[in-house]
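The structure follows.
The figures that follow rest on heavy atoms only: side chains count, while hydrogens, waters and symmetry mates do not. We number each residue from 1, following the sequence as shown.
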Amino acid sequence: MALAAGRAMLMRSGVRLGTQAAARGGNGARRFMNHRVVVEPNTVPGVAVIKFKNPPVNSLTLEFLTEFVICLEKLENDKTFRGVVLTSDCPGIFSAGLDLREMCGKNPAHYAEYWRAVQEMWLKVYLSNLVLVAAINGTSPAGGCLIALSCDYRVLADNPRYRMGLNETLLGLVVPFWFKDTLVNTIGHRASERALQLGLLFPPAEALQLGMVDQVVPEDQVQSTALSVMTQWLAIPDHVRQLTKNMIRKATADHLIKHQEADIQNFINFISRDSIQKSLQVYLENLKQKKH
Ligand SMILES: CCCCC/C=C/C(=O)SCCNC(=O)CCNC(=O)[C@H](O)C(C)(C)COP(=O)(O)OP(=O)(O)OC[C@H]1O[C@@H](n2cnc3c(N)ncnc32)[C@H](O)[C@@H]1OP(=O)(O)O
């Protein structure tokens, strides 16, 4: 249903999936390419690398979310793939999180469509049958961090400028319960309580200490480390690993699935408030100002 809507939306915006999506690279390998998400089969058999390519900061626009979900769905349906590495094509930035312009100055119907796309993306990543390893080669606040936290394993580049965390309170936003659940499931209750209320963004050493990431490695080794970790995960038969993953994650995902429509309505009500709109505008304005 969501996928069909997404396809329709992409067709409207001029993205042709079938023909544009498949091209042959120099080594004859198939390379799926949309506008904002590039999928490359890798040298490790059964593993694809998804590169986020939505410059300047890989913000999660509606188009990006739709392409990302469609790419993952294609890989899940293609039985040659068992694992995916998620990484960024934008230097220094994994993802700047939700696109603030999608949440500013729009109408309720747009907010509903956008929030459903965010929910669908999270459900797709969190419950994926594939092994997902995040190769975090840049900063990843809020929604960017959520994507990484929803993978099975996280490798972060050792660069103190790369910060990771759920910083929503710094934008005047209340983190949705399923963002919170994803963090609690990763770093525990007490650490989440502090990190979420203060909107903390952690440098690599602290992210590692908290268990927000599994490994910190030199920047030029992020992708190769992710691929070698993948080999270990793929040594486990898919069906037992998938059933185990599902057993661990199902209750968290079901919580959202059960309250999906109410969560959309909450988002619309919250984001439409004048005070919230004002904070988002000020935050965007400050991002622009810091350049001058
Ligand atoms: C109930 C409501 C719940 C909502 C839950 C929300 C979840 C979220 O994900 S909210 C988004 C949180 N994200 C952030 O706080 C990150 C904001 N961005 C930054 O801190 C920085 O841009 C950076 C560290 C990611 C990159 O810094 P830098 O390389 O210096 O690039 P610029 O700051 O100059 O940004 C370039 C360009 O991109 C625009 N931009 C940045 N982030 C976003 C974004 N999240 N959404 C939309 N646009 C973004 C920025 O405004 C610049 O635009 P121009 O000035 O027009 O070039």
Side-chain angles (χ1 to χ4, degrees), residues 52 58-60 65 68 86-88 93-100 103 115 117-128 131-157 162-216 226 229 244-260 262-264 266-267 270-271 283:
F52 302 152
N58 280 335
S59 61
L60 306 178
L65 291 168
F68 180 33
L86 298 182
T87 194
S88 164
I93 295 161
F94 182 71
S95 164
L98 301 194
D99 192 289
L100 298 166
M103 304 190 285
W115 199 245
V118 178
Q119 291 175 333
E120 295 292 342
M121 181 278 294
W122 177 73
L123 289 168
K124 176 57 72 186
V125 175
Y126 196 68
L127 292 177
S128 179
V131 176
L132 298 183
V133 177
I136 311 161
N137 52 348
T139 214
S140 54
C145 177
L146 180 77
I147 292 180
L149 292 175
S150 306
C151 290
D152 298 296
Y153 195 90
R154 285 158 287 285
V155 181
L156 174 60
Y162 298 169
R163 309 265 160 159
M164 211 181 149
L166 299 180
N167 63 330
E168 279 79 352
T169 54
L170 301 186
L171 285 78
L173 301 175
V174 179
V175 79
F177 69 86
W178 39 285
F179 283 45
K180 177 267 295 172
D181 289 344
T182 310
L183 185 69
V184 170
N185 291 350
T186 310
I187 67 170
H189 199 275
R190 171 61 195 141
S192 299
E193 216 175 30
R194 180 171 161 269
L196 287 174
Q197 289 186 59
L198 298 177
L200 298 177
L201 289 169
F202 299 100
E206 285 179 48
L208 182 64
Q209 199 181 16
L210 277 176
M212 188 173 267
V213 296
D214 299 294
Q215 251 182 289
V216 171
V229 163
T244 306
K245 178 173 179 175
N246 193 266
M247 177 177 64
I248 293 172
R249 295 193 168 197
K250 190 174 182 305
T252 302
D254 278 352
H255 191 191
L256 174 61
I257 292 166
K258 198 167 162 209
H259 298 101
Q260 203 162 353
D263 186 59
I264 292 172
N266 277 343
F267 174 75
F270 182 76
I271 214 72
Y283 192 80

Quiz prompt | 4.5 Å side-chain heavy-atom contact, Leu256 and Phe177 | solution =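 Answer yes - side chains close enough.
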
Exercise. Answer yes or no: is there a side-chain heavy-atom contact under 4.5 Å between Trp178 and His259?
Key: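 SC-SC contact between Trp178 and His259 ruled out.
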
Quiz item: Between Trp115 and Leu98, is any pair of side-chain heavy atoms under 4.5 Å apart?
Solution: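 When only atoms from C-beta onward are counted, Leu98 and Trp115 do touch, with a gap below 4.5 Å.
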
Quiz item: Take atom CD in Gln209; do more than 12 heavy atoms of anything else shown fall under 6.0 Å from it?
Solution: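 Atom CD in Gln209 is not packed in, count stays at 12 or less.
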
Quiz item: Which value, rounded to the nearest 0.5 Å, describes the distance between Asp181 atom CG and Thr252 atom OG1?
Solution: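 Answer for the CG-OG1 pair, Asp181 versus Thr252, is 5.5 Å.
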
Quiz item: Are Tyr126 and Asn185 close enough, and set up right, to give a side chain to side chain donor-acceptor pair (under 3.5 Å), and what steps lead you there?
Solution: CA-CA 12 Å; Tyr126 196 68; Asn185 291 350; 3.1 Å; yes

Quiz item: How far apart are the C-alpha atoms of Phe202 and Leu208, what are their side-chain angles, what is the distance that settles it, and do they pass the side-chain contact (heavy atoms from CB on, under 4.5 Å) test?
Solution: CA-CA 9 Å; Phe202 299 100; Leu208 182 64; over 6 Å; no

Practice problem: Quick one: closest heavy-atom pair of Ala148 and Phe94, and the distance? | Solution: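 Looks like CB-CE2, 4.2 Å.
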
Exercise. Check for a donor-acceptor pair, side chain of Lys245 on one end and backbone N or O of Ser128 on the other, with a separation under 3.5 Å.
Key: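 Yes; judged by distance alone, with no hydrogens or angles, the pair exists.
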
Self-check item: Minimum heavy-atom distance between Met212 and Gly165, given as atom pair plus value
Solution: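 The answer is CE-CA, 4.2 Å.
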
Practice problem: Indicate yes or no for a side-chain donor-acceptor contact from Ser59 to the backbone of Ala96 under 3.5 Å, with no hydrogens or angles considered. | Solution: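 Flag not set: sc Ser59 to bb Ala96 has no pair under 3.5 Å.
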
Practice problem: Say whether, by atom type as modelled, one donor and one acceptor occur between the side chain of Arg154 and the main chain of Ile136 under 3.5 angstrom. | Solution: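 Absent.
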
Self-check item: Arg194 side chain vs Leu200 backbone, donor-acceptor pair below 3.5 Å
Solution: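 No, Arg194 side chain to Leu200 backbone: no donor-acceptor pair under 3.5 Å.
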
Practice problem: Decide side-chain contact (heavy atoms from CB on, under 4.5 Å) for Leu171 and Leu100; before the verdict, give the C-alpha distance in whole Å, the side-chain angles of both, and the deciding distance to 0.1 Å. | Solution: CA-CA 10 Å; Leu171 285 78; Leu100 298 166; 3.6 Å; yes

Quiz item: Distance-only, no hydrogens or angles: does the Asp152 side chain make a donor-acceptor pair with backbone N or O of Leu132 under 3.5 Å?
Solution: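 Yes, Asp152 side chain to Leu132 backbone: donor-acceptor pair under 3.5 Å.
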
Quiz item: Would you say Pro204 and Val213 make side-chain contact, with heavy atoms under 4.5 Å?
Solution: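 In short, these two side chains do not touch, never coming nearer than 4.5 Å.
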
Practice problem: Taking all non-hydrogen atoms of both residues into account, name the closest pair between Leu210 and Ala191 and its distance. | Solution: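 Minimum heavy-atom contact is CD2-CB, 3.8 Å.
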
Self-check item: Side-chain donor/acceptor of Ser95 to backbone N/O of Asn58, under 3.5 Å
Solution: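 Looks like yes, one N/O pair under 3.5 Å.
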
Exercise. Over all heavy atoms of both residues, which pair between Ile147 and Phe68 is shortest? Give the atoms and the distance, please.
Key: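 Answer, listing the atom of Ile147 first, then Phe68: CD1-CE2, 4.2 Å.
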
Self-check item: Shortest non-hydrogen contact between Leu156 and Ala207, atoms and distance
Solution: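 The answer is CD2-CB, 4.2 Å.
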
Exercise. Look up atom CG in Leu149 and atom CE in Met164, then write down how far apart they are to the nearest 0.5 Å.
Key: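 The CE atom of Met164 is 5.0 Å from CG of Leu149, to the nearest 0.5 Å.
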
Quiz item: Side-chain contact, heavy-atom cut-off 4.5 Å: Thr87 with Phe52?
Solution: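 Not touching, per the 4.5 Å side-chain cut-off.
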
Quiz item: Side chains of Arg163 and Glu206: does their closest heavy-atom pair fall under 4.5 Å?
Solution: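 A side-chain contact is absent here, since even the closest heavy-atom pair is not under 4.5 Å.
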
Quiz item: Would you call Lys250 and Asp254 a salt bridge, using N to O less than 4.0 angstrom?
Solution: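 Yes, Lys250 and Asp254 are salt-bridged.
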
Quiz item: Do Gln197 and Thr169 come close enough that some side-chain heavy atom pair is under 4.5 Å?
Solution: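 Counting from C-beta outward, Gln197 and Thr169 never come under 4.5 Å.
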
Exercise. Taking the side chain as every heavy atom from C-beta outward, state whether Met103 and Phe267 have any atom pair closer than 4.5 Å.
Key: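 Yes, their side chains come closer than 4.5 Å.
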
Practice problem: Mind listing the closest non-hydrogen atom pair of Ser150 and Arg249 along with its distance? | Solution: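 Heavy atoms only, the tightest pair is O-NH1, 2.7 Å.
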
